[in-house]
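Atoms considered below: every heavy atom in the structure, side chains included; atoms not considered: hydrogens, waters and symmetry mates.
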Amino acid sequence: MSGEIVSDHAKLRLMQRTQSVDVSVAAVWENAVPCEVDYHSYDEARVSPEHGVVLLKQNGQIVTCLNDTHNVTIDGSSLDSYLEYAINEDDQ
């Protein structure tokens, strides 16, 4: 690991998934909701309702960005945050 909190792979995948070069992986991570993701190896995962992506962190580094949220489970305490944002996005 290079000591960076975000891998180049994660940066590229987020850019591809969001179709934007102006989106920061670290900012998406900070605003995303903790979750569990089936069929993937990771230490921590977060789902972003704003961008419709899942970020996976391993060994202290965000290593990838997934665009498939079908295998995501959100804990009850985080579900309120996710739904609040998702509902507000639909209203805009």
If I take atom [atom1] from residue [X] and atom [atom2] from residue [Y], how far apart are they, to the nearest 0.5 angstrom?
X     : Y     : atom1 : atom2 : result
Leu56 : Gln61 : CG    : CD    : 12.0 Å
Asn67 : Gln16 : CG    : CD    : 9.5 Å
Lys57 : Asp43 : NZ    : CG    : 9.5 Å

Do you know the tightest heavy-atom contact between [X] and [Y]?
X     : Y     : value
Val53 : Cys65 : CB-SG, 3.6 Å
Trp29 : Arg46 : O-NH1, 2.9 Å
Cys35 : Val72 : CB-CG1, 3.6 Å

Taking side-chain contact (heavy atoms from CB on, under 4.5 Å) as the criterion, tell me which of Ile62, Val63, Leu14, Val28 meets it with Val6.
Ile62
For a 4.5 angstrom cut-off between non-hydrogen side-chain atoms, does His9 reach Arg13?
yes
Check: Met15 and Ser20 side chains under 4.5 Å, non-hydrogen atoms
no
More than 12 heavy atoms of other residues, nucleotides or ligands under 6.0 Å from CD of Glu44: is that the case?
yes
Do Val47 and Tyr42 belong together in a cluster built from hydrophobic side chains that touch within less than 4.5 Å?
yes
Is Val25 reachable from Val21 through a run of I, L, V, M, F, W or Y residues, each pair having side-chain heavy atoms under 4.5 Å apart?
no
